[in-house]
Each structure stands twice: as structure tokens, then as C-alpha cells.
J.: 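Let me give you the structure first, and then I'll get to my questions.
Below, each value reflects all heavy atoms present in this structure, side chains not excepted, and no hydrogens, waters or symmetry copies. Proteins get letters first, then strands, A, B, ... in listed order; numbering begins at 1 in each.
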Amino acid sequence: MVDHVGKVVLPGETLSDFKESEKTYKVILGPGLRQESDDIIVSKPGIVRFKEPNVYWVDSNQKRYVPVKGDSVIGIVTNKAGDVFRVDVGGSELATLSYLAFESATKRNRPDVKVGDIVFCKFVVANKDMEPELVCIDSNGKSGGLGVIGRDGGYMFQTSLNLVQKILNPDCVLLKLLGKRLSFEVAIGMNGRLWIKARSVSETIAIANAISASEYMSNEQIKEMCKRLLDALAGF
Amino acid sequence: MKMRETPLSNCERDFIRSAIADKKRLDGRQPYDYRKIKITFGVDRGSCQVEIGETRVLAQVSSEITTPKQTRPSDGMLFINVELSPMASPGFEVGRRPDVTVDGNEVKIHPVEEKDPLPLSVHHMPICVTFAFYEQGKYLLVDPTDKEEKVMDGKMVVGMNKHREICSLQVTGQMLLLKDQVLRCSNIAVVKVTEITELIHNALDNDRQARGWETGMQYFLVLSLLIRVSPVNEKKDKGVGSIGEGGPSAWEVDNEMEQEVADEIQTVNKSDRSAEGNSRLSGNHGDDSEEEATCTLSKDDLHNPTQLQ
């Protein structure tokens, strides 16, 4: 089906002739493609992408986040319900985060999480038929950077999902350039939320705006912008 | 089904509060700055697109001749229909359309004569200016963004026309306002309303001229009036219709009291100038010329805020 790759598709179209893996004879369908009995149906408008050996998905520019297992996201705790926290991750449904899913948390030793806190966490259950579930520990029970963030300042803001993917791409120079001259902490959630903490309020705002502005910029343009930004911040 | 709005986290709230205390705003504006306004007219008569900051509104005016109401035979009717798309905010309800119907006596619809329709006779244009208050009125912001509105203690909306008549005044929130503050706000509102009214009139005049030249031709005529951002520019002609971030005031003032307000704002801006240098790149990438009437920005302009000075 190599002829579909790179083409624009619309919801409802059926695709066929997928390239299978040589070992397992399987095809992996990513976001935007769905199997309905024997057909493969497109479920969102965009461009069909293919990755060796057998992965297919539809690429589009969207802001609405759909939970995916294994994604690291930034959520806002909206309420406490019994043993779980209900966390807003920007998806269609609130996700649950068990209070035991924190580093060194036990039945007696509850983690200190308040309503309105932001948490950096990972999805362990993300399924279209079930409530998504989050954790703040890895399989060894360590936090590894996950947990409550933003207690001591910093700013969180929302961008598009594409921008987040662009920033995280190893080819993107934005964070490297900013990091050369400014010291700041950043947490990037796959749901399009970013949390930034720099030394001062103005630096934080500057970095946040630089990131939002870089959405449609090439690496060259980003370099130019960062140079200006850093010069302006240094007071030239 | 009505969707939830994204909750505001403690982290954002604290950050916005501390930024306001620092006299800084997330989009790089000064406390008394309005967002950038851009007015564009469509090909057809009666259609107009307005951009205020990140918000875009499309307006379409249409008219028909009907029998006036029996009780008010000399008056026409005005209907206003507002459609809020759920694409704009998930908080807007899906599948329902909030209808607002206004029966007013302020606007009359003239009958369409032979060919050219006559413009509506708009007697005056009230314009709303919003003020947000923080920490019991200690800090004041003009034209707050949605996040700033979520954090504020209370707000005051002043509806005013260019004759300095207050048409509406609404105060919401849990705070007490002093008499001085209300007066101060109304003085700022006078300045903002004058600016915006002038801007709308300029845009309308330009549009009228452009249509005059191209009568009968189906040109794709998009006339835009871009209000330039002028953060640090001392040599500014008085009366240039520009609304932007920072900069000394170029407001036309003929009343002593307003001069005072303008001076006050100017001093605030001056004291912030050193800090502004820092935050300049953070929010605005516009250049410094304010007489431009086109909206084409070259790549260099976008990234050269200092070059043109």
C-alpha cells in the first residue's frame, strides 16, 4: 500500500494493501487508523505516514490530546476521591492517579498532593473503553523525575501537540540554544502542556513566549530568534 | 453536552499574580495596554473581520425591509445573533446557539434606494473597556486575557462612547472600589475609547475610499489596518492611531484631567522602560514603524524590533 503513504486522507476512507512485518505478518496501526471487521478505516483527516517495518498512522495538526499508554504528561489535580486523585490531562475524560503510585508512598504515608497542583506523570492504562490511569513512579518504584512539580514557582502553559513533538525531536535546536545562556527547568508533557521555571519572572515569560513562537519556525529562524532573545535579556 | 473548561492550576495562579506584582504580563504588554486590534473588511459589503490579540471575530450585517412595529411606527428593528463555536472554547455548549435579541430605537434601517444602499445611521458607538483588579484594587490591568481574568479579584466594564458619555458600567467580583479608582478607570477608558473609535473610523474611511475606486469591479479587496506595536519610540506624532504595547502615549488630549492620566501612564511606561528592554522579545516581534497600512511583514521585520529605530 506504499501508494497511500504521504497522501491526504479523510475520515471514512478505507485503506488496503498494508505492508506486513516479514517475521510476524502483522501491521501496526497508529492514531487515525482503525480496524472495523476486515477493513481499515481512516478516523481523522491528515497525511498517512509509514515507518519501517510495519507501522502506519495519520499525521495531523491537533490540539486535543488523546491519551496514549506510556506518554509522559502534565496534569492538574482537580479533586481527591477516596484512594485516587482525579487529574485533568486535557483529554476527553479525567484520568485517575492512585495515591500509592508515588515514590515511597504507603497506605499510611500518603503523598502531599493538593487540589490544583500540577503533576508530571505517565499513562499505564490508556484505552478508549476505560478510564485512563496515571502513575508517578517507574517499574522499580522510583520517581525518576515524575511527581508533583511547580510547588516552588514556575509557569505552566498549553501549546499544540505538534509543537511539543517538535521540541522533543533531537534535531530541534530550541532548548539547546536557550539552555546555553539561561538556566531553567522544563517539563514537557505530550499533552501539549509545558512547565518552565527560570531564575526570574521575566526570563520565564521570555522562554515561554520563545517556545510558543517557534511553532512554525525552521532551525535557522529559531537560531536567529534565540540570539535576539538572549541579547535582549542580557540588556543589549 | 457541555465540556469542562481546563482548570487553572495553583502554579499558574501564583505565577500570574507575581508577574502582575512585577508589572509584567504574559503577552509582554504593559498594565494599561490594549491588545493589538486589526480590522479587515471582506469582499462583500457588510462583512468584517476583527482580530483583537488572539481572538478573531467575523461579523456580517444584512438588512431587509419589514413593517415596523405598530407601537413604534418610526423605528426599525435590530437583531443581534452571536454564535460561539465550540472550537473556540470547549466551554461553549455544543448544539445550542445562544440567541440575543435586542429591540432598540438607536438604529434605523433606511429603505434601499435605487441602487446604492444607504449606510445605517449609527448615532454613537459605545465601546467597552474592561479593567481587572488584583489584591483589593492595588493592581489594575486594562483588557485582561482569559487567564488574567481567572486570577483577578474583580472587574469593571466601562461602556463609553467618544463623547465621553458612560453608557454602561458593570462591576463584578468580591472587592470594594474607591471613588478615585472608578474615576481613574473612566479616565483611562476615555483615552482607549477615543483611540478605538478613531481606529474604526479610519478603517471605515479607508474601506469606503477603496470601494469608491473599484466600483463595479470584482476585485479581491482586502483592506487592512494594522496597528503597530511601538515599545520604545519617543518621536511619535500626536494623533497617530496606534494601539500597542508600551511606549509613550500618543493620545490626543484636550482636557486637563486626561492630560494628567496620560502623563501618569507615560511615567509608568518610562520607569518600566529598562525592564521593558528585557521583556521586549518575549512578547512582540513587530517592528517600530507605525504609519504602515499594509500587513505584509517580511522575515527580517519580524525578528528585527530594534533595527528601525
J.: Tell me, side chain or backbone of B:R25 under 4.5 Å from chain A's heavy atoms, or both, or neither?
T.: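 Backbone only.
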
J.: Can a salt bridge be assigned to the pair A:D71 and A:K122 using a cut-off of 4.0 Å between side-chain N and carboxylate O?
T.: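 Judged by the 4.0 Å cut-off on N to carboxylate O distance, A:D71 and A:K122 do not form a salt bridge.
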
J.: Would you call B:E149 and B:K155 a salt bridge, taking side-chain N to carboxylate O under 4.0 Å as the test?
T.: yes

J.: Assess whether atom CD of B:Q174 is packed by more than 12 heavy atoms of other residues, nucleotides or ligands within 6.0 Å.
T.: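 Result for CD/B:Q174: open.
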
J.: Where does A:V77 contact chain B at under 4.5 Å (heavy atoms): side chain, backbone, both or neither?
T.: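 Neither; nothing under 4.5 Å.
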
J.: Using a cut-off of 6.0 Å, state whether more than 12 heavy atoms not belonging to B:L176 lie near its atom CG.
T.: no

J.: Can you tell me which portion of A:I149 sits under 4.5 Å from chain B's heavy atoms? Options are side chain, backbone, both or neither.
T.: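 For A:I149, neither part sits under 4.5 Å from chain B.
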
